[in-house]
Every structure is written in structure tokens, then in C-alpha cells.
Amino acid sequence: MLLNFTKMHGLGNDFMVVDLISQRAYLRDEQIRRLADRHFGIGFDQLLLVEPPRQPDMDFRYRIFNADGGEVENCGNGARCFARFVIDQRLTHKRELRVETLGGPLTLKVDPDGRVRVDMGAPRFAPAALPFSAEHDAPLHELQVDGQPLALSVASMGNPHAVIEVEDVDSAPVETLGPALQRHPSFPRQVNVGFMQIESPHAIRLRVYERGAGETLACGTGACAAVACGIRRGVLASPVEVTLRGGRLTLEWAGGDAPMIMTGPAERVFEGRVPLS
Ligand SMILES: N[C@H](CCC[C@H](N)C(=O)O)C(=O)O
């Protein structure tokens with residue numbers, strides 16, 4: 001069969017978006033890996049599936065698969081692209097949508113200027129929420145990584161995040177410390193690793209080594225986790241401008257159980273059809 005898809009990105013974090021309401025398909029994990037390959041396939045960081053809701057108060061079910069084929073709980077840049085996609089495809093007339101994900105419900109709102117505002121839910125810091133093996137919840141934890149002590153914060157945005165403060169993101173050890181934390185026994189379901197440089201209480205630079213995809217040009221949930229951890233530590237204050245390699249996001253959070261609000265762009269690149277073997 002031929003599968004219709006749309007290639008999209010949020011600040012260079014790129015996606016294959018598939019409408020499984022107007023067409024029927026089942027994608028096995030090895031097919032996802034092949035399609036994700038930037039030489040033998042289409043190439044993407046994550047695959048996003050648009051499905052009918054399973055819960056009565058939701059407009060859609062939003063499923064996310066990493067390039068390695070694993071299904072995950074949340075994807076912030078993908079959520080903005082999801083909203084643009086279902087409106088452009090006329091799958092809804094609404095401009096404010098409720099979608100269900102493995103990590104919980106999200107509210108997506110497309111502004112008249114095309115930017116998308118996402119209620120990402122409340123950040124959670126309890127180690128069990130990631131999961132992360134630690135006795136207690138704390139704004140900063142210390143971990144032994146390859147024999148060296150490392151201070152890090154942890155947060156769940158439905159998916160697990162570790163946040164490390166660095167002096168300079170450009171020289172941060174993303175390609176070594178990222179994988180080292182991925183395989184660390186303290187993260188039994190692996191982890192997305194953010195490297196955060198604080199420029200001011202309202203501005204950070206961020207790079208993210210993502211679970212199942214490696215370093216991406218941007219990570220929405222990573223930006224949420226970094227800002228939440230920084231505000232909790234008292235070194236950041238809402239709103240926070242997050243500059244990633246692919247561009248800029250605005251994050252707002254009132255603390256506690258308040259939702260993290262992320263605002264940013266979503267772009268369509270091309271439409272395509274791909275044979276599914
Ligand atoms: N790029 C995504 C994060 C995908 C998360 C995935 N890498 C995971 O395993 O949790 C974002 O914008 O939030």
C-alpha cells in the first residue's frame with residue numbers, strides 16, 4: 001500500500017505526520033526505523049500518528065514514536081505540528097484542541113499568527129514519575145557517571161528528562177554525557193538529557209540529547225523540563241525564552257501544579273506518499 005504523510009518540523013525537530021483517520025495502516029517498529037533513516041528512508045526524529053480519540057472529551061489521539069521505533073509519552077514540538085496538521089487537513093474546524101497522549105492530555109491552541117500555544121500539563125519532579133532511582137525528590141541530585149560525580153535535576157513532562165547546567169552549551173559534552181546518562185542504571189526507561197546555559201533569570205540556551213533519537217535541533221518537552229527545573233531551583237523566573245539550535249520557544253509556568261505553557265512555531269515542509277512493504 002501507499003501511505004500518505006506530511007513532513008513537518010518545530011524549530012528543526014522534524015516529524016513524519018500520518019493521518020490514520022482518513023487512511024488505515026499499521027506500522028511495525030522496524031518499518032518506523034527504516035522510514036526514520038535519513039539515507040534509506042524519509043528521515044525524521046519522531047513519527048506522529050493522528051488517530052480518533054479513545055476518551056469522550058478528547059478531539060484526537062496523538063501517538064509519538066522515536067526514530068528507534070519506540071513509542072513515547074510526549075513530544076512538545078510535535079504537538080504544535082499536530083495542531084497545524086489537523087486544522088490544515090480539515091480534520092477539525094476547532095482552533096483549540098484537546099488531545100490524548102500516553103503521557104496525559106494536552107491542550108493545543110493555534111493563534112491567528114500561526115504560532116501554537118500548548119498546555120503541556122504540570123511538570124512532575126518525583127523520581128518515580130520518570131522513573132529515576134533516587135531515595136528522595138530534590139531540586140538537584142548527584143549521580144556517579146563513568147566514575148565522575150554529576151549534579152543534575154530531573155523532571156517528567158510525561159516523558160523523562162535530566163537537566164544539567166553548563167557554562168557554555170556550545171562546548172557541552174552532549175555526545176559523550178548524553179549516551180552515558182541514557183544507559184545509566186538510574187534511568188530504567190532511559191532519559192532525554194538537556195544541557196542548559198543560564199543567560200539570565202528569563203533566558204537560557206539549551207541543547208538536548210534525546211532518548212531514541214540522539215541530539216535534535218530542538219526539544220519542546222526538554223525546554224519545558226529545563227525551565228521547570230530552573231524555576232524550582234530559583235535560578236529562573238517565568239516567562240523564560242529558550243534558545244535552541246533550531247530556534248526559540250517561550251515557556252511560562254506559575255509553579256506547583258500549574259501547567260507549563262509552551263508557545264512556538266510549526267512548519268509544513270512537503271507532502272508525500274511512501275510504499276509500505
Ligand atoms: N522532540 C520531542 C521530545 C521527544 C521525546 C522523545 N525523545 C522521548 O523519548 O521522550 C519534543 O519536542 O518534546
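All ligand and atom numbering here is 1-based and tracks the order in the structure.
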Tell me which donor-acceptor pairs under 3.5 Å the side chains of residues 97-112 have, and how far apart each pair is, sequence neighbours excluded?
unit_1 : atom_1 : unit_2 : atom_2 : d
Arg98  : NH1    : Thr107 : OG1    : 2.9
Glu100 : OE1    : Arg54  : N      : 2.8
Glu100 : OE1    : Gln55  : N      : 2.9
Glu100 : OE2    : Arg54  : NE     : 3.4
Thr101 : OG1    : Glu73  : O      : 3.2
Thr101 : OG1    : Gly103 : N      : 3.0
Thr101 : OG1    : Gly104 : N      : 3.1
Thr101 : OG1    : Gly104 : O      : 2.6

Under a 3.5 Å cutoff, is there a donor and acceptor pairing between the side chains of Thr221 and Asn159?
yes
Of all residues at least two apart in sequence or in a different chain, which pass the salt bridge (Lys or Arg N to Asp or Glu O under 4.0 Å) check with Glu267?
none
Under the salt bridge (charged side-chain N to carboxylate O under 4.0 Å, His left out) definition, can you give me all pairs with a residue in residues 236-255, not counting sequence neighbours?
Arg117-Glu252, Glu215-Arg245
Are there any N/O pairs under 3.5 Å between ligand 1 and the protein, and if so, what are their distances?
unit_1   : atom_1 : unit_2 : atom_2 : d
ligand 1 : 1 (N)  : Asn13  : OD1    : 2.7
ligand 1 : 1 (N)  : Glu210 : OE1    : 3.2
ligand 1 : 1 (N)  : Glu210 : OE2    : 2.7
ligand 1 : 7 (N)  : Asn66  : OD1    : 3.2
ligand 1 : 7 (N)  : Asn192 : OD1    : 3.0
ligand 1 : 7 (N)  : Glu210 : OE1    : 2.8
ligand 1 : 7 (N)  : Arg211 : O      : 3.0
ligand 1 : 9 (O)  : Asn66  : ND2    : 2.8
ligand 1 : 9 (O)  : Arg211 : O      : 3.4
ligand 1 : 9 (O)  : Arg211 : NE     : 2.6
ligand 1 : 9 (O)  : Arg211 : NH2    : 3.3
ligand 1 : 10 (O) : Asn159 : ND2    : 3.0
ligand 1 : 10 (O) : Asn192 : ND2    : 2.9
ligand 1 : 10 (O) : Arg211 : NH2    : 3.1
ligand 1 : 12 (O) : Asn13  : OD1    : 3.2
ligand 1 : 12 (O) : Gly76  : N      : 3.4
ligand 1 : 12 (O) : Asn77  : N      : 3.0
ligand 1 : 12 (O) : Asn77  : ND2    : 3.2
ligand 1 : 12 (O) : Gly220 : N      : 2.7
ligand 1 : 13 (O) : Gly76  : N      : 2.8
ligand 1 : 13 (O) : Gly220 : N      : 3.4
ligand 1 : 13 (O) : Thr221 : N      : 2.8
ligand 1 : 13 (O) : Thr221 : OG1    : 2.6

Under 3.5 Å, is there a donor-acceptor pair between the Gln46 and Asn77 side chains?
no
Just so I know, are the side chains of Thr92 and Phe60 near enough to count as touching, which here means a heavy-atom distance under 4.5 Å?
yes
